[in-house]
Amino acid sequence: MIYRFNFSCEEGDPNFRRVFEADSDATFYELHEAILKSVNYPDDQMTSFFLCNEDWEKGQEVTLVEMDSNFDYDNMVMKDTHLSDIIEEQGQRLIYIFDPMFERYFFGSLKEIKAGTMQGVECVESRGKAPKQIKGDFGSDFATIGNGDLDIDDEFREEMDMGDIDMEGFQDLSWDDGTMF
């Protein structure tokens, strides 16, 4: 059987949509890889799939790596779980968590089941721009200390009077001479 999944997201581009066709014997890991490739995300997050009911309430989880088991459901791992193991009917809903820190996800549903076979999973439709994978740009959100100067983001600088910073004690810190650790 060939499964046809639609995925969308409630944030960012309202036109965002990805459609995948997958052999029912493909694994959740293959679907995970196809999703990442379709949105140009690196594979460096602890992503998960959850089967959901009609109200998008989470049920069975399929994790990227083996985790401690939730007593309500079996521990299922993406590489070991075939789509057909737990997805059997058209209309089945699932979410794909792509940003586990802030629990942001794509909403998916099985739109069609058709006869046939194929190899793995393929993105057959790609519309709109995907949201950033990681919420916030932590590199610019925080003040950093470099070369003895305090470099503060413009947003932070506007809210703060630089005269309020007590630099006493900072002059003795050195990141290069090994005295910190």
Side-chain angles (χ1 to χ4, degrees), residues 1-139 141:
M1 304 305 285
I2 296 176
Y3 291 168
R4 185 176 181 93
F5 294 97
N6 289 354
F7 282 89
S8 62
C9 189
E10 289 186 338
E11 65 180 82
D13 186 344
N15 297 316
F16 173 80
R17 176 178 148 154
R18 298 294 185 270
V19 178
F20 300 91
E21 287 194 349
D23 191 272
S24 60
D25 284 334
T27 64
F28 275 87
Y29 187 77
E30 290 172 283
L31 180 57
H32 154 81
E33 287 182 313
I35 291 171
L36 292 180
K37 182 178 178 184
S38 78
V39 293
N40 295 315
Y41 290 168
D43 190 3
D44 62 356
Q45 298 298 311
M46 291 299 295
T47 60
S48 288
F49 287 96
F50 282 92
L51 292 183
C52 299
N53 65 19
E54 62 277 351
D55 295 321
W56 295 102
E57 295 170 334
K58 294 178 193 172
Q60 175 66 55
E61 180 178 16
V62 182
T63 59
L64 184 59
V65 296
E66 191 163 344
M67 311 276 281
D68 286 337
S69 181
N70 178 335
F71 296 112
D72 294 337
Y73 300 101
D74 293 332
N75 186 15
M76 301 184 103
V77 179
M78 289 182 199
K79 285 186 178 181
D80 300 332
T81 308
H82 296 271
L83 298 173
S84 61
D85 290 346
I86 56 176
I87 297 178
E88 300 172 344
E89 61 186 45
Q90 191 169 319
Q92 174 64 60
R93 292 181 175 189
L94 64 154
I95 59 174
Y96 174 73
I97 297 181
F98 63 88
D99 179 359
M101 178 75 79
F102 293 99
E103 202 159 304
R104 296 166 54 232
Y105 38 82
F106 297 135
F107 294 92
S109 64
L110 179 58
K111 290 296 183 186
E112 183 180 357
I113 300 174
K114 56 187 177 181
T117 61
M118 62 181 288
Q119 291 295 313
V121 179
E122 181 181 335
C123 181
V124 296
E125 184 181 330
S126 177
R127 288 192 305 170
K129 184 178 177 185
K132 284 185 177 183
Q133 183 178 20
I134 306 300
K135 190 172 185 172
D137 179 6
F138 296 115
D141 287 348

Requested in this report: For the residue pair Phe5 and Phe7, categorise the inter-ring angle as parallel (less than 30°), tilted (30 to 60°) or perpendicular (more than 60°).
Outcome: tilted
Requested in this report: Measure up the Trp56 and Phe107 rings against each other and bin them: parallel (under 30°), tilted (30 to 60°), perpendicular (over 60°).
Outcome: perpendicular
Query raised in the report: For Ser84, does its backbone N or O pair with a side-chain atom of Ser24 as donor and acceptor, under 3.5 Å?
Result: no
Report summary line: In this structure, CG of Leu94 is separated from CD1 of Ile86 (nearest 0.5 Å) by 8.5 Å
Query raised in the report: CD/Glu21 to CD1/Ile2 distance, rounded to the nearest 0.5 angstrom?
Result: 6.0 Å
Report task. Return yes if some donor-acceptor pair links the side-chain N/O of Gln92 with the main-chain N/O of Glu89 below 3.5 Å, else return no. Result -> no
Query raised in the report: How about Gln90: does its CD atom have over 12 heavy atoms from other parts shown lying under 6.0 Å from it?
Result: yes
Query raised in the report: What distance separates Phe20 CZ from Glu30 CD, expressed to the nearest 0.5 Å?
Result: 13.0 Å
Query raised in the report: Do Phe49 and Tyr96 have their ring centres less than 6.0 Å from each other?
Result: yes
Report summary line: Rounded to the nearest 0.5 Å, the CD atom of Gln45 sits from the CZ atom of Arg104 at a distance of 10.0 Å
Query raised in the report: NZ/Lys37 to CD/Glu122 distance, rounded to the nearest 0.5 angstrom?
Result: 9.0 Å
Query raised in the report: Do Phe28 and Ser48 have side chains that get closer than 4.5 Å, going by heavy atoms?
Result: no
Report task. Would you check, one step at a time, whether the test side-chain contact (heavy atoms from CB on, under 4.5 Å) holds for Phe16 with Val39? Result -> CA-CA 10 Å; Phe16 173 80; Val39 293; 3.8 Å; yes
Query - Any Asn75 side-chain heavy atom under 4.5 Å of Glu66 side chain - result: yes
Query raised in the report: Do the side chain of Tyr3 and the main chain of Ile87 share a donor and acceptor less than 3.5 angstrom apart?
Result: yes
Report task. Output the distance between atom NZ (Lys114) and atom CZ (Arg4), rounded to the nearest 0.5 Å. Result -> 6.0 Å
Query raised in the report: Are Asp85 and Gln60 side-chain neighbours, meaning at least one heavy-atom pair lies under 4.5 Å?
Result: no
Query raised in the report: Any idea which heavy atoms bring Pro42 and Gln133 closest together, and the distance?
Result: CD-OE1, 3.1 Å
Query raised in the report: Would a distance-only check, ignoring hydrogens and angles, find a side-chain to backbone donor-acceptor pair under 3.5 Å from Arg93 to Glu54?
Result: yes
Query raised in the report: Quick one: does Asp23's side chain have a donor or acceptor within less than 3.5 Å of a partner on Asp25's backbone?
Result: yes
Report task. Check for a donor-acceptor pair, side chain of Ser109 on one end and backbone N or O of Lys111 on the other, with a separation under 3.5 Å. Result -> no
Report task. Please assess His32 against Val62 for the test side-chain contact (heavy atoms from CB on, under 4.5 Å), listing each intermediate value before the final yes or no. Result -> CA-CA 11 Å; His32 154 81; Val62 182; over 6 Å; no
**Report entry** Side chain Arg18, main chain Ala34, donor-acceptor under 3.5 Å
**Finding:** no
Report task. Apply side-chain contact (heavy atoms from CB on, under 4.5 Å) to the pair Asp80 and Tyr29, showing each step before the final yes or no. Result -> CA-CA 8 Å; Asp80 300 332; Tyr29 187 77; over 6 Å; no
Query raised in the report: Do Lys58 and Ile97 pass the side-chain contact (heavy atoms from CB on, under 4.5 Å) test, and can you show the C-alpha distance, the side-chain angles, and the key distance before you say yes or no?
Result: CA-CA 11 Å; Lys58 294 178 193 172; Ile97 297 181; 4.2 Å; yes
